Amino acid sequence: ALPSWSTLLGPRPPDWRQVLVLGLDGAGKSSVLHYICSETAKERIAPTQGFNSARLYIEGLEMDLLEVGGSQNLRAYWPHYLSQAHVLVFVVDSVDRSRLLTARQELHALLAEEPRLPLVVLANKQDKSDALSAAELHDELALHTLSDQREFFLLPTSATWASLSTSTSVLHVKSLLVSLLSQP
Ligand SMILES: Nc1nc2c(ncn2[C@@H]2O[C@H](COP(=O)(O)OP(=O)(O)OP(=O)(O)O)[C@@H](O)[C@H]2O)c(=O)[nH]1
Ligand SMILES: [Mg+2]
C-alpha cells in the first residue's frame, strides 16, 4: 500500500478539504479546475497523463482539488483516492452520448465504495447546442437510485472562458464547494 499523507507530512490542518475530480477522459475536468482557480482564457488544455492538482485558499478553507486523468488506464487508480476525499465532483460530457453508459457505470462503481461521500455531478459542455440537459443526464446516469443518505447536487456547467459570466459558469461550482465544505 502507498504511505498515507499523514505518514509523510504530518496531520492535515483542520481547515483542509480535498475535492476529488473524476470523470471520463475529455469530460472537462482540467478545464473546470482551470476556470475555478484562474479566470483567464486558456487556448488548449492537454489530456491529463496522471494527476492534476490545484490549491485554493478561500473563505478560511484550504481546498485541494485533485484530478486523476480519465483515460481507461488511469481509471483503475480512481478508487484509491476516495477515502481521503471530502467531496467527489464527477464531470460528464453532456454531448458524448455514446459513452454515457460507461460514465454511469464508472460513477456507480465509485459510489458503491463510499456510501456517504457527498457528490457533485457536473453536466458539462452546456454551451454546445446538442448538449443533453441536466434533467436528461439525471435519467441517463440513473441518479434517482442514489441513497437519501448522500448529499447530492447536479449542476449544468460550461468550462469555457466565454461562459464564466453565464448561468452555467463553473464559478457556481466554486461557491457550491465552499458552502458544502464549510459545514463542520
Ligand atoms: N465547448 C466546451 N468545451 C469544453 C468544455 N469543457 C472542456 N472542454 C474541452 O474539452 C476538451 C477536454 O477537456 P479537458 O478539460 O482536458 O478534459 P479532462 O476531463 O481533463 O480529460 P482527461 O484529462 O483526458 O481525463 C478540451 O478541448 C476542452 O477545451 C465545455 O464546457 N465546453
Ligand atoms: Mg484532464
Side-chain angles (χ1 to χ4, degrees), residues 18-56 63-82 84-111 113-114 117-138 140-141 143 152-177:
Q18 186 173 73
V19 178
L20 181 62
V21 183
L22 300 177
L24 301 187
D25 47 302
K29 300 177 296 297
S30 297
S31 306
V32 169
L33 250 66
H34 172 76
Y35 289 112
I36 283 182
C37 297
S38 155
E39 293 168 38
T40 55
K42 188 149 182 171
E43 279 295 307
R44 302 181 104 257
I45 291 182
T48 304
Q49 301 300 341
F51 307 91
N52 173 30
S53 68
R55 178 168 295 172
L56 276 177
M63 203 192 284
D64 274 342
L65 299 131
L66 175 67
E67 170 194 5
V68 187
S71 59
Q72 198 155 12
N73 60 320
L74 291 171
R75 287 178 216 156
Y77 296 95
W78 286 1
H80 185 78
Y81 296 91
L82 286 170
Q84 60 181 354
H86 294 95
V87 57
L88 171 64
V89 174
F90 194 84
V91 185
V92 181
D93 180 339
S94 308
V95 180
D96 189 3
R97 288 169 170 73
S98 67
R99 293 202 301 165
L100 274 180
L101 177 59
T102 307
R104 172 168 117 191
Q105 289 167 339
E106 295 286 358
L107 172 61
H108 285 274
L110 291 167
L111 297 179
E113 301 219 4
E114 287 291 335
L117 181 63
L119 172 67
V120 177
V121 174
L122 303 184
N124 195 38
K125 306 200 184 182
Q126 289 296 316
D127 53 295
K128 295 197 170 185
S129 58
D130 51 344
L132 291 172
S133 67
E136 287 169 315
L137 275 176
H138 189 277
E140 295 290 340
L141 298 172
L143 297 174
F152 160 63
F153 301 86
L154 171 60
L155 290 186
T157 56
S158 321
T160 65
W161 187 74
S163 304
L164 282 180
S165 58
T166 71
S167 62
T168 57
S169 167
V170 295
L171 298 178
H172 298 301
V173 181
K174 188 171 175 174
S175 317
L176 173 62
L177 290 174

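For ligands, and for the atoms within them, numbers begin at 1 and follow the listed sequence. Here the structure is a predicted model, which is why all the values come from computation and not from measurement.
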Trainee: Taking side chain as C-beta onward, heavy atoms only, is V32 less than 4.5 Å from L65?
Mentor: no
Trainee: For the side chain of K125 and the backbone of S94, is there at least one donor-acceptor N/O pair under 3.5 Å apart?
Mentor: no
Trainee: Of all the non-hydrogen atoms in the protein, which one sits nearest to atom 17 (O) of ligand 1, and at what distance?
Mentor: G28 N, 3.1 Å
Trainee: Any nitrogen or oxygen of S30, side chain or backbone, less than 3.5 Å from one on ligand 1?
Mentor: yes
Trainee: Would you say the side-chain atoms of H108 pair up with the backbone N or O of L141, donor to acceptor, closer than 3.5 Å?
Mentor: yes
Trainee: Atom 32 (N) of ligand 1: which of D93, D127, D96 has the nearest heavy atom?
Mentor: D127
Trainee: Is atom 20 (O) of ligand 1 close to the protein, meaning a heavy atom under 4.0 Å from it?
Mentor: yes
Trainee: Closest by any non-hydrogen atom to atom 12 (C) of ligand 1: pick that one out of S163, P47, G26.
Mentor: G26
Trainee: Angle between ring planes, F51 versus Y81, binned at 30° and 60°: parallel, tilted or perpendicular?
Mentor: perpendicular
Trainee: Below 4.0 Å, non-hydrogen atoms only: which portion of Q126 touches ligand 1? Side chain, backbone, both or neither.
Mentor: neither
Trainee: If you count the atoms of ligand 1 from 1 in the order shown, which ones are under 4.0 Å from a heavy atom of T48?
Mentor: 22 (P), 23 (O), 24 (O)
Trainee: Are the side chains of D96 and S98 in contact, using a 4.5 Å heavy-atom criterion?
Mentor: yes
Trainee: Hey, does the side chain of E113 reach the backbone of L110 with a donor-acceptor pair shorter than 3.5 angstrom?
Mentor: no
Trainee: If you take all heavy atoms of H172 and T166, which pair is closest and at what distance?
Mentor: NE2-O, 3.6 Å
Trainee: Considering S31, G23, G70 one by one, which has a heavy atom nearer to atom 13 (O) of ligand 1 than any of the others?
Mentor: S31
Trainee: Find the distance between OG (S158) and NZ (K128) and round it off to the nearest 0.5 Å.
Mentor: 11.0 Å
Trainee: Among all protein non-hydrogen atoms, which one is nearest to atom 27 (O) of ligand 1, and what is the separation to 0.1 Å?
Mentor: I45 O, 4.9 Å
Trainee: Where is the nearest protein heavy atom to atom 6 (N) of ligand 1: which residue, which atom, and how far?
Mentor: N124 ND2, 3.1 Å
Trainee: What atoms in ligand 1 come closer than 4.0 Å to a heavy atom of A27?
Mentor: 17 (O), 19 (O)
Trainee: Check for me: within less than 2.8 Å of the Mg ion (ligand 2), which protein N/O/S atoms show up?
Mentor: S30 OG, T48 OG1, E67 OE2
Trainee: Given Q49, K42, K125, K128, identify the one with the heavy atom nearest to atom 8 (N) of ligand 1.
Mentor: K125
Trainee: Hey, which atoms in ligand 1 end up nearer than 4.0 Å to a heavy atom of L24?
Mentor: 19 (O)
Trainee: Do L100 and L137 have side-chain heavy atoms sitting under 4.5 Å apart?
Mentor: yes
Trainee: Verify, without hydrogens or angle tests, whether T160 (side chain) and S163 (backbone) share a donor-acceptor contact under 3.5 angstrom.
Mentor: yes
Trainee: Could you check whether any heavy atom of E67 sits closer than 4.0 Å to an atom of ligand 1, since that is the contact criterion I want to use?
Mentor: yes
Trainee: Can you list the atoms of ligand 1 that are under 4.0 Å from a heavy atom of D25?
Mentor: 21 (O), 22 (P), 24 (O), 25 (O)
Trainee: Just need the protein heavy atom nearest to atom 31 (O) of ligand 1, so name the residue and atom and give the distance.
Mentor: A159 N, 2.7 Å
Trainee: Would you find a donor on one side and an acceptor on the other, under 3.5 Å apart, between the side chain of S53 and the backbone of L66?
Mentor: no
Trainee: Does CZ in F152 sit with more than 12 non-hydrogen atoms of other residues, nucleotides or ligands closer than 6.0 Å?
Mentor: yes
Trainee: Show which side-chain atoms of residues 18-30 pair as donor or acceptor with protein atoms under 3.5 Å away, not counting sequence neighbours.
Mentor:
unit_1, atom_1, unit_2, atom_2, d
D25, OD1, R75, NH2, 3.1
D25, OD1, R99, NH1, 3.0
D25, OD2, R99, NH1, 3.4
K29, NZ, G23, O, 2.8
K29, NZ, L24, O, 3.0
S30, OG, T48, OG1, 2.8
S30, OG, E67, OE1, 2.6
S30, OG, E67, OE2, 3.1

Trainee: Among V121, N124, T157, whose side-chain contact (heavy atoms from CB on, under 4.5 Å) with V92 holds?
Mentor: V121
Trainee: Does a sphere of radius 6.0 Å around CD in E136 hold more than 12 heavy atoms from other residues, nucleotides or ligands, not counting ones at 6.0 Å or beyond?
Mentor: yes
Trainee: Out of all atoms in ligand 1, which are within 4.0 Å of some heavy atom of G69? Include the element for each.
Mentor: 25 (O)
Trainee: Based purely on interatomic distance, does S158 place a nitrogen or oxygen under 3.5 Å from a nitrogen or oxygen of ligand 1?
Mentor: no
